[in-house]
Amino acid sequence: MDEDGRGQPVTVARHRLARPAPWLAPRLLGAVLVSLVDGVEVAVRLTEVEAYSGIGDAASHAFRGRTARNTVMFGPPGHLYVYFTYGMHWCANVVCGPDGRAEAVLLRAGEVVRGLDAARVRRPTARTTAELARGPARLAMALGITSRQYGVDLCSDQSPVQLERLARYRAADVAAGPRVGITVAADRLWRFWLVAEPSVSSFRPGSRRVRTSTRHTGTS
DNA sequence: AGGACGATTAACT
DNA sequence: GTTAATCGTCCTC
């Protein structure tokens with residue numbers, strides 16, 4: 001656990017996260033997410049993130065309003081939004097923005113900086129250290145994050161998942177590009193990553209499935 | 001009540 | 001490069 005000069009644990013102050021996701025996301029790069037899930041400490045230094053806006057972002061899970069799944073996004077910043085996808089994977093977001101705005105930053109990749117052995121146990125298919133948390137579902141798996149961590153307070157030193165140490169990088173060290181795997185609002189360059197980091201996932205553009213419905217949709 | 005889809009990954013050719 | 005796995009969520013009927 002990170003500590004200051006008096007031995008107190010240090011988590012990121014909540015007000016620092018009360019910012020729009022596209023502004024905050026690149027500033028989360030280099031921050032350390034610490035998991036104490038199941039009594040094991042694993043920490044990752046964030047190397048790749050994506051912003052999801054609470055205003056007019058059709059790619060956001062909050063775009064169509066509040067539901068049971070996205071409720072935590074509409075609350076105060078500094079909490080963990082966890083969602084289940086493709087029938088098998090968990091992914092983790094830092095809720096940000098002012099209370100009520102439903103902003104979030106998807107944690108896409110990180111470098112495991114503590115708990116390497118535990119991360120290797122949770123990620124048995126990883127063939128290299130860089131692969132342990134390269135990809136949003138892999139990052140969540142390395143940290144042991146599932147629905148049980150939905151909504152946990154990342155700003156409390158009592159939490160099983162905590163956010164520590166916001167970093168600052170020169171503009172030349174941060175790159176931006178289209179978000180991965182989405183099919184709408186793909187023109188927004190809201191994926192951010194640290195250049196020359198082996199844990200950053202390779203870019204895969206979103207591809208829409210061929211519509212299989214028999215319902216007539218307008219084109220012949 | 002039913003079905004399409006997905007902020008992915010791993011294992012293929 | 002392709003595709004299967006697998007099920008919660010949300011939209012439509």
- Kindly express the pairing pattern of DNA chain C in dot-bracket notation, using | wherever a base pairs with another strand and counting only Watson-Crick or G-U pairs under 3.5 Å. |||||.||||||.
- Note on the structure: Sequence neighbours excluded, the answer for side chain to side chain donor-acceptor pair (under 3.5 Å) partners of Arg188(A) is none
- May I ask you to decide whether Glu41(A) forms a salt bridge with Arg114(A), counting only side-chain N to carboxylate O separations under 4.0 Å? yes
Under the 3.5 angstrom rule, does the side chain of [X] hit a backbone N or O of [Y] as a donor-acceptor pair?
X         : Y         : result
Arg123(A) : Glu131(A) : yes
Arg134(A) : Ala130(A) : no
Arg66(A)  : Ala62(A)  : no
Gln149(A) : Thr146(A) : yes

- Item | Residue pairs passing the ring pair (Phe, Tyr, Trp, His ring centres under 6.0 Å) test where at least one lies in residues 87-136 of chain A, sequence neighbours excluded | Phe84(A)-Trp90(A)
Side-chain heavy atoms of [X] within contact of [Y], under 4.5 Å:
X         : Y         : answer
Gln162(A) : Thr11(A)  : yes
Leu80(A)  : Val95(A)  : no
Arg120(A) : Thr129(A) : yes

- Task: Report the C-alpha separation of Arg191(A) and Glu48(A) in whole Å, then their side-chain angles, then the decisive distance to 0.1 Å, and conclude whether the salt bridge (Lys or Arg N to Asp or Glu O under 4.0 Å) test is met.
- Result: CA-CA 7 Å; Arg191(A) 173 184 176 235; Glu48(A) 181 188 356; 2.6 Å; yes
- Message: Under the criterion salt bridge (Lys or Arg N to Asp or Glu O under 4.0 Å), I'd like the reasoning laid out for Arg108(A) against Glu50(A): C-alpha separation, chi angles, the key distance, then a yes or no.
- Response: CA-CA 7 Å; Arg108(A) 288 203 57 90; Glu50(A) 277 176 2; 3.6 Å; yes
Atom pair distance, as rounded to whole Å: [atom1] in [X] and [atom2] in [N]:
X         : N      : atom1 : atom2 : value
Arg179(A) : dG6(B) : CZ    : P     : 14 Å
Tyr83(A)  : dC5(B) : OH    : P     : 18 Å
Tyr86(A)  : dT3(C) : OH    : P     : 15 Å
Phe84(A)  : dG6(B) : CZ    : C1'   : 11 Å
Leu139(A) : dT8(B) : CG    : C1'   : 13 Å
Arg69(A)  : dC5(B) : CZ    : C1'   : 11 Å

- Item | Positions of residues 88-107 of chain A (non-hydrogen atom under 4.0 Å from DNA chain C), listed by number | Met88(A)
- Please round to the nearest 0.5 Å and tell me the distance separating atom OG of Ser159(A) and atom NE2 of His79(A). 8.5 Å
- Item | Thr67(A) vs dC10(C): side-chain N/O to OP1/OP2 distance below 4.0 Å | yes
- Message: Tell me which residues in residues 51-65 of chain A lie within less than 4.0 Å of DNA chain B, going by non-hydrogen atoms.
- Response: Tyr52(A), Ala59(A), His61(A)
Under 3.5 Å between N/O atoms: give me all the protein pairs with nucleotides 10-13 of chain B, atom names plus distance.
unit_1  : atom_1 : unit_2    : atom_2 : d
dA10(B) : OP1    : Arg123(A) : NH1    : 2.8
dA10(B) : OP1    : Thr125(A) : OG1    : 2.6
dA10(B) : OP2    : Arg138(A) : NE     : 2.7
dA10(B) : OP2    : Arg138(A) : NH2    : 2.4

